[in-house]
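Beneath this line is the structure, given in structure tokens, with notes to follow.
Below, chain A is the first sequence line, B the second, and so on; all start at residue 1. Computation of the quantities below employed the complete heavy-atom set of this structure, encompassing side-chain atoms and omitting hydrogens, waters and symmetry-equivalent molecules.
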Amino acid sequence: MRWYVARRLAWALVATWLAVTLTFGVLLAAPNPGADAAAAQCASQDRDPEQCRQQYLESRGLDRPAHVQYIDYMTDLAALDFGYSESQEEPVTAAIADAWIYSAQYFVPSIIISVLIGYSIGLYSALNRYTLTDYLGSFVAYFGISIPNFWFAIVLILVVGVYFREASLLGVSLDALSLRTYYETSYGVFTVENAKQLIMPVIVLATASVASQMRYSRAQALEYANADFVKTARAKGASTWRVLVAHVLRVALVPLSTILIVDILAVLFAGSFIIEAIFQIPGLGRLQLEAITQKDTDLVAAVTLIPVFLAIVGNLIQDLAYVLLDPRIDYGDR
Amino acid sequence: MTGPLLEVTDLRTQFHTDEGVVRAVDGVSFDIGRGETVCLVGESGSGKSVTSESITKLIPIPPGEIAGGSIRFDGMELTDLPESDLRDLRGSRIAHVFQNPQETLNPVYRVGRQIAETIRIHEDVGKEAARKRAVDLLDRVGIPDAAERVDDYPHEMSGGMKQRVVIAMALAGRPDLLIADEPTTALDVTIQAQILRLLNDLQAEFDMAILFVTHDLGVVAEVADRVVVMYAGRVMERADVYDLFENPGHPYTQALLACLPGRGDATTAIGGSLPSPTNPPDGCRFHPRCPHAIPDCKSGDQPPLHPVPDPDAVATGAGNPAGTGAGGPPGEPVRAAGPYDDTDGAEEGGWDEVREATVSGHVASCIYYRQGYDATTVRHDDAAADGGSTDQGASGAAGDEEGGGS
Amino acid sequence: MSDDQIDERRRRVLQAAAAAGVSVTLAGCSSGGDGDGEGTPGTDATDSVDEEFAPQGPGDRSWITGTTSGAQSLNPLAISDEATNNRLDLLYDPGSVTIDGLEFEGRMIEEYEIADDFTAATYRLRDDLEWGADYGQVTADDYVSFVRDIALGGPDMRTGVVGYSQTSSYILGGEPIEIEKLGKLEFRVNLPQSRGFWLSEDPIRTAYVLPADLIEKYKPFEQREVNGNQANVITQIGQDEAIVEGDLSGNLGPFNFESWDKGQKLVVSRNEDYYLSGTELDGLGAAGPNLEEYTYQVFDEQSTAYSAVRAGDITTTGVEGRKVEDVSQSDGVSIFESDFGEGTFFLSLNHRVNGWAPIRESREVRQAFAHLIDKNTLVDQIFSGYGDPIGTFHEAWGPFYPDDLPTFETGIEPAKEKFANGTGSDYGYDGDTFLGPDGEQVELKMVIDNTQQTPEIVGNYIKQRLGEAGIAVTIEGTSFGKIIANYLQNSVENNPNYDGEPSFQASGFNNGAYDEAIGKNSWDLIYGVGFSGNPFTPWGTIRALLPEQSQFNFMGYRPDFDVSGTATAAATASSEEGTRENMNELFTFLARDQPLTWLFSPQATVAYRRPVEGLPEPDSFWDRPDARTIGLRTTE
């Protein structure tokens with residue numbers, strides 16, 4: 001088992017290396033608007049545009065042969081030097097360090113909430129099929145997944161940020177329920193104001209992934225709801241709660257865990273660009289977007305690594321969790 | 001108050017499906033006395049499992065529901081008992097053992113913990129104490145090295161061992177009634193014998209009544225005190241085990257027995273198949289497959305349970321429609337009335353007659369045992385157990401032979 | 001609309017607004033600073049600075065401007081865009097600011113004289129200007145060093161070691177300007193050619209300079225490594241501690257640097273030492289700033305900014321004409337409207353061989369487009385009325401807009417007539433359909449930038465109108481980047497009918513003559529490409545876009561008019577009238593020739609969350625709230 005973990009970790013490194021190389025290759029092959037801009041500027045000043053382009057490339061070491069640049073980059077990486085970000089005007093590690101905190105603030109609650117709510121609705125629905133609550137739960141979940149994130153975010157801001165501040169319901173002003181329209185970075189992480197301004201982004205992101213959690217847990221729960229061991233548990237006099245959690249959920253966790261991490265990561269990463277752009281949260285999503293649009297090579301490579309690495313580690317955790325959760329499985333002989 | 005531990009009266013359990021209402025159990029009655037073993041026999045689809053699960057309402061509700069009847073356990077009416085009270089009963093006074101131990105045990109928990117769960121649900125006992133009791137139980141059910149094996153996972157045990165664990169789990173609450181639904185069907189024959197023996201021992205030790213659901217007549221012969229034969233959701237015949245085997249009253253039972261190897265024609269299969277569960281035939285459920293069916297069998301309701309006369313009594317000509325006893329010496333026409341008999345004012349075909357034939361009665365749901373019909377038609381066949389069936393139709397049904405069907 | 005020009009303006013246009021108290025007249029501005037419906041009237045000099053301002057937003061941040069683009073850097077030498085300029089404005093004052101057209105108000109430069117023949121200008125600095133970070137007083141040395149070493153790049157002007165982006169403004173007709181020091185606070189600039197509008201064009205007036213001592217630190221100039229890359233001098237200076245920490249501004253700007261998240265947020269706080277603080281400025285009352293703190297908050301998503309201003313989380317943001325109604329729905333939102341928006345919008349026509357031939361062959365056909373398009377309708381649809389139609393390549397309110405422009409009556413019939421007349425016998429109308437030489441209906445291809453809403457509106461409208469004139473249109477939407485790559489950029493390689501070298505190559509956008517270089521894909525009309533020009537010095541953009549061999553002439557237009565010469569003549573005229581005459585001629589020609597279909601120029605609309613005092617009366621382009629930051633304040 002230990003051997004298995006060690007091998008997987010080694011593979012994680014290999015996979016990360018592959019990902020970085022690929023990213024590097026793509027960036028190398030892509031046209032460089034910085035060079036084009038430099039050339040254009042020179043042309044407008046009656047200077048030789050080609051020369052300017054050359055200079056631009058030279059000054060960044062971009063005119064060296066590909067493998068030289070690559071080796072340089074990889075050796076830096078090994079020393080954990082991720083380079084300097086032009087677009088952020090600070091070292092890449094600093095830029096990422098600043099940004100990840102903001103991302104984590106809405107990411108982590110989103111994961112927790114979507115799992116809790118998703119699983120709850122899924123389990124409950126499975127055991128109470130065709131009831132009103134089942135339909136309601138499904139409706140809410142599918143609503144969340146069908147609504148485009150960006151539209152939902154914008155509308156939420158409009159309703160909760162703008163309308164609530166002005167409107168009143170039955171004579172009572174809704175102002176107290178209103179929230180900030182955008183994310184203000186000067187609040188401390190653990191303050192009430194910060195928590196309040198995270199509510200909307202978390203809602204938007206969580207609703208997007210609640211549905212998939214709900215669907216999977218419902219399917220799994222259904223499969224196990226009529227299983228014999230569940231009947232046994234009931235025959236033992238177990239309460240519905242105990243049956244649900246200790247038996248159905250616990251066993252369903254085995255297959256559920258295989259989709260949990262990767263699925264969540266996928267939805268959340270994809271959604272994070274939009275959330276951050278609309279709510280103006282200076283997190284990793286925005287950083288990534290800026291890095292790509294401004295062709296900030298060093299930053300792009302580093303910031304691409306993050307989800308790749310998380311996915312790889314997530315997969316590993318998932319597989320290990322699988323073993324922990326299901327005693328019938330043992331990687332010992334692999 | 002003493003009385004039967006479990007009294008099931010006219011139980012009806014239905015399932016609402018897309019194809020219609022499935023009457024899985026359509027008017028089943030029987031009793032179980034303290035400490036005795038009653039076998040519920042029938043083919044697959046006869047409703048025996050549903051019956052056993054209806055007692056503690058283990059059936060999925062919805063789509064299932066107990067549509068009628070009464071289930072009294074130690075004087076308590078279970079059909080309208082609130083769920084929380086039912087939960088108190090389950091596992092502590094009424095326990096279940098199911099068929100497939102591989103499925104019955106939760107694969108992710110250790111066996112000791114699963115046994116202890118039963119204990120801890122009903123008693124305020126600490127983990128350590130519960131675990132100790134689990135070890136004891138495992139030992140009691142015959143698992144060697146119980147102290148080590150208590151930490152095994154189900155998949156680390158053989159089929160027989162797992163079933164012992166299941167039994168241990170069921171016993172943990174010291175139940176008064178153990179409902180075992182085909183507990184040995186999934187096991188090897190040799191293991192089967194061991195398990196049956198174990199159950200026997202445990203029953204004596206724990207003073208448990210057992211409701212044993214099975215389709216295997218061999219098992220019935222081994223363990224049963226009394227037998228209830230079900231077909232298509234209804235009781236066809238009820239008798240104590242000796243009566244049943246020596247003197248089967250209902251054509252269905254006779255056919256079942258004829259299928260047993262060593263008795264009758266080995267190739268005598270029962271033609272036809274089960275009736276549609278949503279749309280059962282009128283009259284006697286068995287009539288499409290019964291060799292003795294007459295038009296009267298095909299209309300109306302399933303005939304009520306009529307007492308089956310003692311063949312010895314018949315042989316001596318003193319046929320007594322008031323039921324036969326558990327077998328007395330030949331020549332004794334009058335059966336020993338059981339303590340629950342109420343022969344005064346018994347009306348034929350009525351509720352009282354059902355009550356009357358309880359516990360010690362041998363009854364069958366066949367029209368031939370009703371007054372006005374010649375019971376010898378069906379009895380005669382059985383008496384001539386060496387094969388062949390001479391059909392002497394009762395009045396009005398000359399030559400109607402419906403031996404096949406759907 | 002022409003400039004109600006100053007007759008007296010001549011040399012002494014700039015005067016001290018200091019204790020001497022002679023104030024400059026602001027054209028059309030109401031005196032005394034009465035807000036006209038924009039806030040509580042009354043400007044007590046006493047209560048301006050002391051007033052407690054109701055906080056809005058987090059903490060006690062008192063003013064937040066929402067914007068969609070962030071500053072690229074806070075290096076005063078590296079200004080590449082307007083956003084950066086706006087930020088630096090808060091920290092450093094320029095030499096002078098424009099009040100209106102050619103009227104200026106001094107900041108760092110106290111006095112300014114221009115020679116009668118417009119070949120030299122003399123500058124005198126204020127005496128009380130101090131750099132921060134211990135660099136001492138601002139002197140003429142700083143300007144001299146700036147012009148010689150930075151702007152002109154030192155002796156190695158052309159090698160790009162310095163990397164200053166505005167060098168071309170210091171080179172006239174191929175010759176650099178000369179600067180000489182006259183005294184501690186005085187210097188003179190000699191121009192190699194006469195420039196009638198030097199006042200408008202003068203880059204020194206608006207440049208941000210640095211202490212000579214600081215620049216000295218980086219000599220000899222050479223490329224050095226900065227953050228892993230070889231960098232030019234500007235970048236090196238940009239890493240100087242004084243600049244990065246924002247200490248350099250001393251008393252030179254209304255605000256001090258507090259914090260900066262690049263691309264996110266810039267926070268500055270009131271500079272108590274500001275040299276202008278307390279001074280009476282015409283129309284502003286006492287110069288402030290009155291705001292304790294000023295924040296620029298970048299928004300990636302425009303709608304969030306609108307929601308924020310409606311909710312009161314920010315104080316102000318620019319708002320598109322179309323959205324004005326929505327945004328003003330909220331209580332407490334007021335809109336500052338000015339007729340003086342910047343920019344001209346036009347429909348590009350393809351004059352190259354991969355476009356419809358009649359466009360380049362016939363002026364009448366081009367005029368037909370002008371007839372066809374009802375510009376007022378477009379203005380209504382796109383800007384909800386906050387815009388004005390234009391007939392030539394100039395803003396409707398622009399100082400050079402000719403009084404008498406040839407106009408084209410809006411209508412389908414005149415358009416059809418010109419389509420028919422301009423195309424000769426090969427083409428003709430069959431009923432309502434306009435047929436080409438192949439007997440089929442003429443079909444034009446229109447490309448729009450489909451990432452914005454406006455091009456879609458314009459595209460649909462034009463398609464509809466051309467349809468009414470019997471011409472079919474296929475619209476292709478694509479991204480701006482692809483438009484550049486596949487349509488605007490051109491080369492002889494894309495032309496199967498041409499072999500050999502092109503007769504000239506100006507740039508990737510004009511890589512050969514109209515029949516030599518063409519783009520990857522064919523096209524007839526494009527909407528979504530625009531050029532920002534300076535309405536007060538329009539010749540630069542014209543020279544870059546319209547002459548046949550100009551740098552950005554992607555259309556392949558061949559004017560039969562000396563565009564280049566006339567524009568240069570306007571720039572270098574020795575009198576204002578000379579300039580005006582030339583521009584008039586040029587614009588009139590462009591109106592008649594319609595190389596591109598001129599459409600409209602926008603008005604400016606800015607939303608404010610609360611009544612704001614100190615907003616200027618929008619009587620000229622220069623009456624922008626941005627320019628009046630030091631006078632603004634909120635009232636509750």
Interface moiety of [X] toward chain B, non-hydrogen atoms closer than 4.5 Å:
| X | answer |
| --- | --- |
| A227(A) | neither |
| L325(A) | backbone |
| A246(A) | both |

The interface call for I59(B) against chain A, heavy-atom contacts under 4.5 Å, is backbone

*chain A contact via E156(B) - which portion, at a heavy-atom distance below 4.5 Å*: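 Contact with chain A: none, neither part.
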
Practice task
Mind ranking I94(B), I121(B), T104(B) by heavy-atom pairs under 4.5 Å with chain A and telling me who comes out on top?
Solution key: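 Among I94(B), I121(B), T104(B), the one with the most close pairs to chain A is T104(B).
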
Interface check, chain A: of H96(B), E53(B), E83(B), most non-hydrogen pairs under 4.5 Å belong to E53(B)

**Asked** Among side-chain atoms of H247(A) and E117(B), is any donor-acceptor pair under 3.5 angstrom?
**Response**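 Yes, E117(B) and H247(A) have a side-chain donor paired with an acceptor closer than 3.5 Å.
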
Enclosure of D80(B) CG (heavy-atom neighbours >12, cutoff 6.0 Å):
yes

- Query: CZ of R113(B): more than 12 outside heavy atoms within 6.0 angstrom?
  - Reply: no

Minimal heavy-atom distance between R234(A) and K57(B), with the atoms involved, is NH2-O, 3.4 Å

For P107(B) and V251(A), the nearest pair of non-hydrogen atoms, with its separation, is CD-CG2, 4.5 Å

For T232(A) and E103(B), run side chain to side chain contact (heavy atoms under 4.5 Å, CB included): C-alpha distance rounded to whole Å, both residues' side-chain angles, the deciding distance at 0.1 Å, then the answer. CA-CA 9 Å; T232(A) 308; E103(B) 308 294 322; over 6 Å; no

What distance do [X] atom [atom1] and [Y] atom [atom2] have between them, rounded to the nearest 0.5 Å?
| X | Y | atom1 | atom2 | result |
| --- | --- | --- | --- | --- |
| D181(B) | K231(A) | CG | NZ | 6.5 Å |
| F229(A) | N100(B) | CZ | CG | 12.5 Å |
| K236(A) | H122(B) | NZ | NE2 | 9.5 Å |

- [ ] Report yes or no: does R328(A) contribute a side-chain atom to a donor-acceptor pair with the main-chain N or O of H155(B) at less than 3.5 Å?
- [x]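 A pair under 3.5 Å: no.
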
Fill in: Min side-chain heavy-atom separation T240(A)-R87(B) under 4.5 Å
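A side-chain contact under 4.5 Å exists here.
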
Review point. Do the numbers put R250(A) on top of the ring of Y109(B), so that NZ or CZ is under 6.0 Å from the six-membered ring centre and no more than 45° off the axis?
Key: yes

